[in-house]
Asks: 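One structure, pasted below without further comment.
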Amino acid sequence: YSIYYEWFRGSHDVATSRLISSEHYRSKDPEFLLASARISVDERDWRSACMVFDSILGSSPEFVMREAASAHLEYGDSAGALAILSNADRTFPDTMRLLIRAYRQSGDRMEMMDCIRAFLDSEFATFDDNADMVGMLISDGMMDDARSILDRLYSVYPRDPDVLTLESRY
């Protein structure tokens, strides 16, 4: 944890030096490779982050899969993100949000809408998730799809300022 401590207090050179000089890192310990991937993400070095994440995915827990998929999306690699998320547990709201982003980035609107519907119909979707999806669909020009979600929001929250703002954007 001293690597993270040094990194997030701004001592990037010290953190990097500790990481690469660590026996655990040299022996490819997954926890130390994860630290390396996270440092690459923080530096916005998406290519390195994706390479390191890909090397540890096989034995990683769900949260690492989501971090890896997010790095792939930031790198512009929606296909890589979708490949990672294909085995992810779709009951995690963050997984569904990432799937929606990945399908949106890939241009596959049909799959994106299937994910949006499944997510918003789940018990995990919040008011903000619904509102975010409406805003995203409006910005993408998918007005009919936005309207169906907006109507549902409006029927439950007719006087909510956020709903009224979304309604005015429609």
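Throughout, numbering of the chain's residues begins at 1 and tracks the sequence.
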Asks: Establish whether V52 and W46 are linked, either directly or via other cluster members, by ILVMFWY side-chain heavy-atom contacts under 4.5 Å.
Replies: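 Yes.
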
Asks: Tell me every residue that passes side-chain contact (heavy atoms from CB on, under 4.5 Å) with E123, counting only those two or more places apart in sequence or in another chain.
Replies: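 Partners of E123 under the side-chain contact (heavy atoms from CB on, under 4.5 Å) test: none.
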
Asks: For A81, give me all partners under side-chain contact (heavy atoms from CB on, under 4.5 Å), at least two apart in sequence or on another chain.
Replies: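 Partners of A81 under the side-chain contact (heavy atoms from CB on, under 4.5 Å) test: A69, H72, L73, A102.
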
Asks: Out of the candidates V134, D160, L120, only one should pair with L153 under the side chain to side chain contact (heavy atoms under 4.5 Å, CB included) rule; please name it.
Replies: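 For L153, the side chain to side chain contact (heavy atoms under 4.5 Å, CB included) check succeeds only for V134.
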
Asks: Roughly how far, to the nearest 0.5 Å, is CG of L82 from CG of L99?
Replies: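 Interatomic distance, L99 CG to L82 CG, rounded to 0.5 Å: 6.5 Å.
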
Asks: Show me the pairs that pass salt bridge (Lys or Arg N to Asp or Glu O under 4.0 Å) and involve residues 44-65, at least two apart or across chains.
Replies: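 Pairs touching residues 44-65 that pass the test: E62-R66.
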
Asks: Sequence neighbours left out, what passes side chain to side chain donor-acceptor pair (under 3.5 Å) with R9? Give chain and number order.
Replies: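 Result, side chain to side chain donor-acceptor pair (under 3.5 Å) vs R9: E6.
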
Asks: Determine whether W7 and E43 make a side-chain contact, defined as any pair of heavy atoms from C-beta on separated by less than 4.5 Å.
Replies: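 W7 reaches E43 side chain to side chain.
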
Asks: Excluding sequence neighbours, so at least two apart, what forms ring-ring contact (aromatic ring centres under 6.0 Å, His included) with Y157?
Replies: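 Listed in chain order: F127.
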
Asks: Which heavy atom in A49 sits nearest to a heavy atom in A71, and how many Å separate them?
Replies: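 So the minimum-distance heavy-atom pair works out to CB-CB, 4.3 Å.
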
Asks: Between M96 and D129, is any pair of side-chain heavy atoms under 4.5 Å apart?
Replies: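 When only atoms from C-beta onward are counted, D129 and M96 do not touch, as no gap falls below 4.5 Å.
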
Asks: Partners of R26 by side chain to side chain donor-acceptor pair (under 3.5 Å), sequence neighbours excluded?
Replies: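 R26 satisfies side chain to side chain donor-acceptor pair (under 3.5 Å) with E23 only.
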
Asks: For the CE atom of M65 and the CG atom of L85, what is their distance to the nearest 0.5 Å?
Replies: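 Nearest 0.5 Å value for the CE-CG distance: 6.5 Å.
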
Asks: Please indicate whether Y154 has more than 12 foreign heavy atoms, meaning atoms of other residues, nucleotides or ligands, lying under 6.0 Å from its OH.
Replies: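 Counting other residues, nucleotides and ligands, OH of Y154 stays at 12 neighbours or fewer.
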
Asks: Partners of R147 by side-chain contact (heavy atoms from CB on, under 4.5 Å), sequence neighbours excluded?
Replies: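 By the side-chain contact (heavy atoms from CB on, under 4.5 Å) rule, R147 matches L150, D151, E167, Y170.
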
Asks: Below 4.5 Å, heavy atoms only, C-beta onward: do F53 and I84 meet side chain to side chain?
Replies: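 SC-SC contact between F53 and I84 ruled out.
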
Asks: Mind checking the CG-CD1 spacing from D121 to I116? Nearest 0.5 Å is all I need.
Replies: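 Rounded to the nearest 0.5 Å, the CG-CD1 separation comes to 11.5 Å.
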
Asks: What pairs meet the ring pair (Phe, Tyr, Trp, His ring centres under 6.0 Å) rule with one or both residues in residues 21-45, with sequence neighbours excluded?
Replies: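 For residues 21-45: H24-F32.
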
Asks: Would you give the length of the straight line joining atom OG of S148 to atom CE of M113, rounded to the nearest 0.5 angstrom?
Replies: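 It is 6.0 Å, given to the nearest 0.5 Å.
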
Asks: Restricting to non-hydrogen atoms, name the atom on P158 and the atom on L164 that form the minimum distance, rounded to 0.1 Å.
Replies: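 P158 and L164 have their closest heavy atoms at O-CD2, 3.6 Å.
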
Asks: Taking only residues two or more places apart in sequence, or in another chain, which ones meet S155 in a side chain to side chain donor-acceptor pair (under 3.5 Å)?
Replies: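 Listed in chain order: nothing, the list is empty.
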
Asks: Apply side chain to side chain contact (heavy atoms under 4.5 Å, CB included) to the pair D140 and R109, showing each step before the final yes or no.
Replies: CA-CA 10 Å; D140 286 355; R109 290 183 170 202; 4.1 Å; yes

Asks: Give me the atom names and distance for the closest heavy-atom approach of R97 to D94.
Replies: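 In terms of heavy atoms, the two residues are closest at NH1-OD1, 2.6 Å.
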
Asks: In Å and rounded to the nearest 0.5 Å, what is the CZ to OG1 distance from F119 to T126?
Replies: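 Between atom CZ of F119 and atom OG1 of T126 there are 6.5 Å.
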
Asks: Indicate yes or no for a side-chain donor-acceptor contact from S17 to the backbone of D13 under 3.5 Å, with no hydrogens or angles considered.
Replies: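 Such a contact is absent between S17 side chain and D13 backbone.
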
Asks: Please list, chain by chain and in numerical order, all residues satisfying side-chain contact (heavy atoms from CB on, under 4.5 Å) with P61, sequence neighbours excluded.
Replies: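 F63, V64.
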
Asks: Output yes when a side-chain donor or acceptor of D114 lies under 3.5 Å from a complementary backbone atom of E111, and no otherwise.
Replies: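 Checking the backbone N and O of E111 against the side chain of D114, no donor-acceptor pair under 3.5 Å is found.
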
Asks: Rounded to the nearest 0.5 Å, what separation is found between the CD1 atom of I56 and the NZ atom of K28?
Replies: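 Reported value, rounded in 0.5 Å steps: 11.5 Å.
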
Asks: With a 4.5 Å cut-off on side-chain heavy-atom distances among I, L, V, M, F, W and Y, is there a chain of contacts connecting V14 to Y4?
Replies: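 Different clusters: V14 never reaches Y4 through Ile, Leu, Val, Met, Phe, Trp or Tyr contacts under 4.5 Å.
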
Asks: For residues 74-90, pull every pair meeting salt bridge (Lys or Arg N to Asp or Glu O under 4.0 Å), keeping only residues two or more places apart or in separate chains.
Replies: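 For residues 74-90, and leaving out neighbouring residues, the salt bridge (Lys or Arg N to Asp or Glu O under 4.0 Å) pairs sorted by first residue read E74-R101.
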
Asks: Do M51 and L34 belong to the same hydrophobic cluster, where Ile, Leu, Val, Met, Phe, Trp and Tyr are linked whenever their side-chain heavy atoms lie under 4.5 Å apart, directly or via other members?
Replies: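 No; L34 is not reachable from M51 via cluster members.
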
Asks: Can you sort out the partners of D42 under salt bridge (Lys or Arg N to Asp or Glu O under 4.0 Å), two or more places apart, ordered by chain and number?
Replies: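 Counting only residues at least two positions away or on another chain, D42 forms no salt bridge (Lys or Arg N to Asp or Glu O under 4.0 Å).
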
Asks: Pairing donors with acceptors under 3.5 angstrom, does anything connect the side chains of D162 and T165?
Replies: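 Side-chain D/A pair, D162 to T165: absent.
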
